[in-house]
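So the structure is just underneath, and the comments pick up after that.
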Amino acid sequence: MAGGGSFVPEHRELTVFVDTDFIELDGVEKVFDVRRKVGRLRRARRQVRAVDGISFRVPRGEMVGYIGPNGAGKSTTIKMLTGILTPSGGRLRVAGIDPARERTRLARRIGVVFGQRTTLWWDLPLRDSYRLVHRMYRIPDARFRENLERCVDLLDLGELLEVPVRQLSLGQRMRGDIAAALLHDPEVLYLDEPTIGLDVISKAKVRDFLRDLNAERGTTVLLTTHDLTDIEQLCKRVMVIDHGRLMYDGPLGGLHEVGESERTLVVDLDRELPPIAADGARVVRVEGPRQWLAFPAARSAAPLVARIAAQYPLVDLSVREPDIETVIAKMYAEKRGRA
Amino acid sequence: MGEGLRAYGLIAAMWVRSTMTYRFSFAMTLLSNFSATAFDFVVILLMFGQVEGLGGFSFAEVAFLYGTAGTAFGLADLALGQVGRLGKRVRDGTLDTLLVRPVPVLAQVAADRFALRRLGRVTQGLVVLVWSLFLIDVAWTPARVVLVPVMVLGGGLIFSAVMVAGAAFQFFAQDAAEVTNSFTYGGNTLLQYPPSIFAADMVRGVVYVVPLAFVNWVPALYVLGRDTPAGLPGWAAFASPAVAVVCCAAAGLAWRVGVRSYRSTGS
C-alpha cells in the first residue's frame, strides 16, 4: 500500500487513492466440484461455477445492494470477500488486503452479520456477548464504551442488555447482532439478509440505523436482500447477480428501466365503471369498483393520479412496487430474447 | 499460539458462565459424568472378584493402567472434547461465523461448548490413579516418580492430537465422528487393560501406527518394572513427550490441510 504506516502529509490525496477502490474484484471466480451419487457406488463429478467472472469496484463509504435469486452466487461472493472461501480465479482486494491470504488481519477491519445465524450467546445476557467481542477484538476500553453506547442508543437496546439472548424476539436479536458486528469499528459491514423475518417496526429501525451508520461514520455497507424496499430506502447503487454473473450494476431506477418493470396503481372508484382510459397506463384487472392499472416503474405516478382524479369519481388509491423477483425475471427474459 | 490460547480461555469462560445459568443441571451432569466413568472401573473390580490376575497383571497394576489412561484421556476430553462437533458445524454452516473472527479457528472450535462437567472424568481417573499408587509394589526411583506425571500430561497431549486430527478429517467426511471416537474412547478403554491380553498385531498397531501405547503402556510398564511391549528398547519409556510433540505437529498440519480444503470447497 502506498505509504502504509509512514507519515503522509498529502492526506487528502492518499484517501482519494484508497477510496475509489476500497473493494475490488477483477474477474473473480469460484468453481465447486460437486459429487453426486449415481447408482450404488459410482459418483459423478460435476463442476459448478457459483461465481463466474465477477468484476466491480466499491468506493469507501458507499452503500450497495447485492441482489439475486437463491443460488445466484450472492453468499459465495460475500464468503470470498470475508476470506471464508478462497477464489478459484481472479483478483480480489478489500482495503488493499487479499482476504484469502490474510483472513485474520482482515477480520479486525470488517463486520459481518449473517441474517439467519446469530453470533450472540444464547443463554447469557446480551451484554456478555459484547464483552466477549470487546476482549476478542482487543477494543480499547474508551472506544468500546463509546461504540456500545451509540449502538444501544440508536438500536434501542437499553432495556435488552441484561436479558438472556434466548428471550429476545427475532427483531431484537437482529439488532443485537448488528451491534455486535460494529463494536470494533469495522470499515466495511457485510449484511446477509438483515431484515428477513422481521416485523415492519424492526425493519424500519434496522434501516434507519444503517442509513445513519453510513452517513455519519462513512462505513461501507454491502447488503444482500430479498426485500426491494431495503434497497430503495438504503442503496443508491444495486448489483444484480444470477448464475454467478453480474447482470446489472447501477442505480435502482435504472434497474426498472432495464427490466421494463411496471408499478401497479390500485384505484377504488365509487361505483362500477368500464376500464379507465389513461395515457401510459393500461388496465390489467377490474373487480367491481376496483381497478388495477400498470404503468412503467421509471415514471412518476403523480400525473397519472391527477388525471384519473379529474375524470373519475375516485374514492381511494394505492401504488404497488414491483417485487425484485419479477423485475429480475423480466430482465432475463429480455436478455434471452435478444440473444 | 498465544493468541489462540487467549481466545480459547475467553470462549471457555463464556461457556462456563452459560452452564452456570443452570446450576442444578450442571451439578447433575457433573455427578452423572463421574459415575458413568466410575462404572468402567466397577467392571474391573468385579472381574478381579473372579480372577487373581489379568494377563499376568495384578489388580493394583491394572488400576494403575486404568488411572493413567483415564486421567490422560479425561484431560484431553476436558480441554477439547467438543472438537468432534466440527462436522456438524461444517454441515450447518456455523463454521463460517468462526472464520470471520480475528482469532484462530482451532481455538474457537476447541473451546466450543467447553464443559466443566468433564472434570468428573478427570477426577475419577485421578482417584483411581492415586489409589493404585498406594497399592502397587514398586521400588520407586526418581525416574519412576517423574515418569508418572509426565506420562499423564504427555498422554493427554497424544489424545488431544488424535482428537484434532480426527476433527480435521471431518472437513472431508462430515459424519466421521465415530471413527475418531473409536480411537479416543476406544483407545482409552484399550489402554486401561494390560497389553498382554491383546493380540500382538494390535499392540504393534497402537505402538507404531497410532502411537496410543505411549499414553501409558510403554512408560507404565517401565514404572511397574516389566518389559516394554512390542519389542521396544527400554529408553522408549521416556519417549512419551517426544511422541506427543510429533503427534501434535502432525495434528496441527492435518488441521491446516482441512481448513484449506474447506475454504476451497466450502463444504
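Note: A:M80 CE to B:R263 CZ = 12.5 Å, rounded to the nearest 0.5 Å. Interatomic distance, A:R138 CZ to B:R6 CZ, rounded to the nearest 0.5 Å: 3.5 Å. How far CG of B:L99 is from CG of A:L85: 8.5 Å, rounded to the nearest 0.5 Å. Separation of atoms NE2 (A:H184) and CZ (B:R101) is listed at 11.0 Å; rounding is to 0.5 Å. Atoms CH2 and CG, from B:W15 and A:D123 in turn, are 7.5 Å apart once rounded to the nearest 0.5 Å.
Heavy-atom contacts from other residues, nucleotides or ligands closer than 6.0 Å to CZ of B:F114 number more than 12. For CZ of A:R166, the number of neighbouring non-hydrogen atoms (other residues, nucleotides, ligands) closer than 6.0 Å is greater than 12. For CE of B:M20, the number of neighbouring non-hydrogen atoms (other residues, nucleotides, ligands) closer than 6.0 Å is greater than 12. Taking a 6.0 Å sphere around CZ of A:F56, one finds it holds more than 12 heavy atoms contributed by other residues, nucleotides or ligands.
Heavy atoms closer than 4.5 Å to chain B are found in both the backbone and the side chain of A:R135. When heavy atoms are compared at a cutoff of 4.5 Å, A:A100 approaches chain B by way of both its backbone and its side chain. Contacts between A:D128 and chain B at a heavy-atom distance below 4.5 Å involve backbone atoms as well as side-chain atoms. Contacts between A:P99 and chain B at a heavy-atom distance below 4.5 Å involve the backbone alone (N, CA, C, O). For B:L95, no part lies under 4.5 angstrom from a heavy atom of chain A. Within the 4.5 angstrom heavy-atom criterion, only side-chain atoms of B:T21, from C-beta onward, approach chain A. Within the 4.5 angstrom heavy-atom criterion, no atom of A:R109 approaches chain B.
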Practice prompt. Decide yes or no on side-chain contact (heavy atoms from CB on, under 4.5 Å) for A:T86 and B:R260, but give the supporting numbers first.
Written response: CA-CA 8 Å; A:T86 316; B:R260 185 167 304 162; over 6 Å; no
Worksheet item: side-chain contact (heavy atoms from CB on, under 4.5 Å) between B:R17 and A:R131: does it pass, once the steps are laid out?
Response: CA-CA 13 Å; B:R17 290 162 67 106; A:R131 213 172 277 151; 3.5 Å; yes
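B:D92 is not listed as a side-chain neighbour of A:R117, based on a closest heavy-atom distance of 4.5 Å or more. Using a 4.5 Å cut-off on side-chain heavy atoms (C-beta onward), A:W122 and B:S18 make no contact.
In terms of non-hydrogen atom pairs under 4.5 Å with chain A, the most contact-rich of B:T97, B:L98, B:D96 is B:D96. Ranked by heavy-atom pairs under 4.5 Å with chain A, the list B:G93, B:P104, B:P102, B:A7 is led by B:P102.
Nearest heavy atoms, B:S264 versus A:K30: O-NZ, 2.8 Å. Heavy-atom minimum distance, A:I84 versus B:Y262: CG2-CE2, 4.3 Å.
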